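Order of the sequence lines fixes the chain letters, A, B, ..., with proteins taken first and strands second; residue numbering starts at 1 for each chain. All values below come from the heavy atoms of this structure, side chains included, with hydrogens, waters and symmetry mates left out. Treat the numbers as computed from the prediction; the structure is a model and nothing was measured.
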Amino acid sequence: AQSVTQLGSHVSVSEGALVLLRCNYSSSVPPYLFWYVQYPNQGLQLLLKYTSAATLVKGINGFEAEFKKSETSFHLTKPSAHMSDAAEYFCAVSTNQGAQKLVFGQGTRLTINP
Amino acid sequence: GAVVSQHPSWVICKSGTSVKIECRSLDFQATTMFWYRQFPKQSLMLMATSNEGSKATYEQGVEKDKFLINHASLTLSTLTVTSAHPEDSSFYICSAKTSGGNEQFFGPGTRLTVL
């Protein structure tokens, strides 16, 4: 079974500051890891994914994440926050087995202060 | 590419009525579709997984007779909420993936409000 824990339900940063959203996972088999962004009343948009290739993954909108097996982490970062980054962010885990169901973390609401 | 649509985007219905939500993959064949429910300020909870031409697999605690799922073609899955009640009010999101793919493509969601 897989699980995801996102530390911090709400993160607030200033515009131009570093964004760090934390995600730790648990999986009994090699995981696939995903970060999604959700704007109000919309579906999910994939930011980036890790599927056992390079451990440092670059995504859209300047985001990147690093898979660290020893720490069971997949934290999301962006060097400089923009006002348009304000949204809800979800980390999710699946595997290459079966239906490849996604298990989502609780979500982190990112607020950008001007 | 990899666009998923949902219809309707929002619906309001009276308690006791049934509501059907459609999920379509517009530019790819979706061998597997997933249905999620999201309550306000909460995460997505998987309700069921459906494979084209097969019966859906429901997650524990999800009533299969209340949430009817049909995946009759490689581009269409439907979720019917039968005898809806106010507690069924939620944001319903579908996703779709191809055979052999490792990524789910999400629809824009359907807001259901039961009065």
Less than 4.5 Å to any heavy atom of chain A: does that hold for the side chain of [X], its backbone, both, or neither?
X       : answer
Q6(B)   : neither
L44(B)  : both
Q104(B) : both

Could you look at [X] and say if it's the side chain, the backbone, both or neither that has a heavy atom under 4.5 Å from chain B?
X       : answer
Q38(A)  : side chain
L102(A) : both
Q106(A) : backbone

Can the ring centroids of [X] and [Y] be said to lie less than 6.0 angstrom from one another?
X      : Y       : value
F34(A) : Y50(A)  : no
Y89(A) : F63(A)  : yes
F28(B) : F105(B) : yes

For the interface with chain B, which of R109(A), Q42(A), Q45(A), E88(A) has the highest count of heavy-atom pairs at distances below 4.5 Å?
Q42(A)
Quick one: of V103(A), L46(A), T95(A), who has the most non-hydrogen atom pairs under 4.5 Å with chain B?
L46(A)
Tell me if the NZ atom of K66(B) is crowded by more than 12 foreign heavy atoms within 6.0 Å.
yes
How long is the span from the NZ atom in K20(B) to the OG1 atom in T78(B), to the nearest 0.5 Å?
5.0 Å
Just by distance, with hydrogens left out, do N102(B) and K49(A) show a side-chain donor and acceptor under 3.5 Å apart?
yes
Does the plane of the ring in Y36(A) sit parallel, tilted or perpendicular to the ring in F104(A)? Use 30° and 60° as the thresholds.
tilted
Do you know which of G109(B), P108(B), G107(B) has the most heavy-atom pairs with chain A at a distance under 4.5 angstrom?
P108(B)
